Amino acid sequence: MSSLDWIAQRGIRAGLRMGLKLGGQLPLDLELLRAGMNATARLFRPRRECEVSVTCMDGVRVTEVVTNNPHPEHVVVLMHGGAFFAGSAATHVAFAAEIAVRANARVVLPDYRLAPEHTFPAAQEDGLSVVRALLAQGVSPAELCFCGDSAGAAIALGMALALKEAGMAQPASLVLISPFVDLRLQAPSVRANSKLDPMLSYTPLMRGAQSYCGQIPLGDARVSPLFADLRELAPMLIQCGSDEILLDDALALTHAAKSAGLVVESEVYQGMWHDFQLFAPWIDAADKALWAIAEFIRRH
């Protein structure tokens with residue numbers, strides 16, 4: 001690790017602890033916490049070689065990111081994270097641009113409906129509406145990748161399961177980053193890594209999970225896809241950091257997917273935190289992880 005990388009990691013960790021983690025543990029309205037996360041969007045800028053546009057697909061507002069390459073090889077539907085109650089296309093557009101450049105992809109970011117105003121299955125339905133609109137445009141399932149980080153990973157995985165249940169073709173691949181797929185938050189890493197993870201803590205995740213589920217039990221497979229029948233899903237890449245409280249979600253999902261006979265690649269980045277990939281411009285491990293994502297998308 002270079003000295004600059006070490007300094008960047010220390011600075012980002014400190015900023016996350018003072019901002020997102022501390023704020024999430026305070027008894028603030030979810031709407032206020034949402035506004036705080038959206039304010040972080042100003043820290044990230046899309047790459048200059050990308051064009052960003054906002055449009056509507058089947059009633060869902062989406063942000064599209066494309067490069068100056070007129071012939072993208074893939075279409076990535078990116079479901080942003082935010083514990084189901086926060087996050088937006090604005091918070092993830094720079095991350096989308098990184099994927100677009102590295103994978104030569106058109107990246108579509110749905111601004112799906114958030115809890116607590118909209119409970120399950122609103123977010124998943126919005127994602128599926130965008131997928132149907134893309135298919136109607138002539139995009140082939142073989143060109144599609146469903147990608148999601150944190151809560152967005154649960155939604156993306158739920159979308160793939162819904163397609164299977166409907167008898168529709170799977171996307172070519174699934175990329176699940178720091179997946180939040182067991183909403184009960186009972187895994188050992190939630191407690192074991194509570195001090196290591198500079199971004200996440202139990203309280204805001206549980207508040208988000210409960211507001212998203214409504215009357216559905218937290219362990220129901222519809223909202224906690226770790227417990228769903230994963231057979232016949234697309235090849236899956238799972239990435240996480242060793243220091244995050246959701247480490248065990250990623251490991252359990254890897255085990256469940258392999259037991260279901262899926263093609264699975266799982267990567268745990270030592271010393272990294274939740275959603276560290278968002279910091280690719282400053283962190284070497286995040287840059288490496290994004291290239292691995294791009295390579296996986298291209299290969300499948």
Side-chain angles (χ1 to χ4, degrees), residues 12 15-46 52 54 56 59-63 65 77-97 107-127 129-130 147-156 158-159 177-181 183 185 190 197-216 218 223-224 244-246 249 273-279:
I12 291 170
L16 290 173
R17 287 188 186 280
M18 292 300 296
L20 291 178
K21 187 166 186 173
L22 178 60
Q25 293 173 321
L26 297 175
L28 303 173
D29 289 340
L30 292 182
E31 291 81 358
L32 187 58
L33 293 177
R34 180 188 300 165
M37 183 170 177
N38 281 337
T40 66
R42 292 175 295 179
L43 302 175
F44 302 92
R45 291 288 183 268
V52 178
V54 178
C56 189
V60 180
R61 177 186 169 94
V62 301
T63 297
V65 182
V77 179
L78 175 58
M79 306 302 289
H80 68 77
F84 302 106
F85 70 86
S88 65
T91 61
H92 282 63
V93 67
F95 178 61
V107 182
V108 180
L109 272 160
D111 250 328
Y112 60 81
R113 289 170 288 174
L114 298 172
E117 296 90 344
H118 304 282
T119 58
F120 175 86
Q124 182 174 296
E125 288 178 343
D126 287 350
S129 292
V130 170
C147 179
D149 67 297
S150 194
I155 298 169
M159 290 161 53
I177 299 166
S178 297
F180 183 20
V181 289
L183 274 57
L185 286 170
V190 174
D197 192 329
M199 180 182 288
L200 289 187
S201 57
Y202 175 90
T203 298
L205 284 186
M206 180 53 71
R207 292 181 67 190
Q210 290 174 336
S211 66
Y212 173 69
C213 291
Q215 300 303 311
I216 300 175
L218 293 172
V223 292
S224 289
E244 61 176 293
I245 65 173
L246 295 180
D249 277 39
W273 55 87
H274 183 77
D275 259 3
F276 69 94
Q277 294 87 342
L278 298 180
F279 301 92

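FYI, the numbering just counts along the sequence from 1. For the numbers below, each heavy atom of this structure counts, side chains included, while hydrogens, waters and symmetry mates do not. Quick caveat: nothing in here was measured; it's all calculated off a predicted structure.
Within 6.0 Å of the CZ atom in Arg17, the count of heavy atoms belonging to other residues, nucleotides or ligands exceeds 12.
Considering all non-hydrogen atoms of both residues, Gly23 and Leu33 come closest at O-CD2, 3.2 Å. For Leu183 against Cys213, the heavy-atom pair with the smallest separation is CD2-SG, 3.6 Å. The two residues Val60 and Ser129 have their closest heavy-atom pair at CG2-CB, 4.0 Å. Nearest heavy-atom pair, His274 versus Ser150, reported as atom, atom and distance to 0.1 Å: NE2-OG, 3.0 Å. When all heavy atoms are compared, the tightest approach of Met199 to Trp273 is CE-CD1, 4.5 Å. Nearest heavy-atom pair, Ala156 versus Gly148, reported as atom, atom and distance to 0.1 Å: CB-N, 4.3 Å.
From Met206, atom CE reaches atom OG of Ser211 across 11.0 Å, with rounding to the nearest 0.5 Å. The structure places CZ of Phe84 at 9.0 Å from CG of Leu205, a figure rounded to the nearest 0.5 Å. Remark: Phe276 CZ to Ser178 OG distance equals 7.0 Å, nearest 0.5 Å. Of the inter-residue distances, the one linking Leu246 atom CG with Leu185 atom CG reads 7.0 Å to the nearest 0.5 angstrom. For the atom pair Arg207 CZ and Asp29 CG, the distance stands at 7.5 Å (nearest 0.5 Å). Taking CG of Asp149 as the reference point, atom CG of Asp275 lies at 4.0 Å (rounded to 0.5 Å).
Within the 4.5 Å cutoff, the side chain of Glu31 has heavy atoms near those of the Pro116 side chain. Residues Phe180 and Leu200 have side chains not in contact (no heavy-atom distance under 4.5 Å, counting atoms from C-beta outward).
No donor-acceptor pair closer than 3.5 Å links the side chain of Thr203 to the backbone N or O of Gln25. Counting only distance, with no hydrogens or angles, the side chain of Asp126 and the backbone of Arg113 share a donor-acceptor pair below 3.5 Å. One N or O on the side chain of Arg34 and one on the backbone of Phe85 form a donor-acceptor pair closer than 3.5 Å. Between the side chain of Asp111 and the main chain of Ala89, a donor-acceptor pair closer than 3.5 Å is present.
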Inset, instruction - Take Lys21 and Leu16 through the test side-chain contact (heavy atoms from CB on, under 4.5 Å) and record every step on the way to the result. - result: CA-CA 6 Å; Lys21 187 166 186 173; Leu16 290 173; 6.0 Å; no

_Pair Asn38, Thr91 - check side-chain contact (heavy atoms from CB on, under 4.5 Å), show working._
CA-CA 6 Å; Asn38 281 337; Thr91 61; 3.5 Å; yes

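In summary, the aromatic rings of Tyr112 and His80 are positioned with their centroids under 6.0 Å apart.
Evaluation of the side chain to side chain donor-acceptor pair (under 3.5 Å) rule for Thr63 yields no partner, not counting sequence neighbours.
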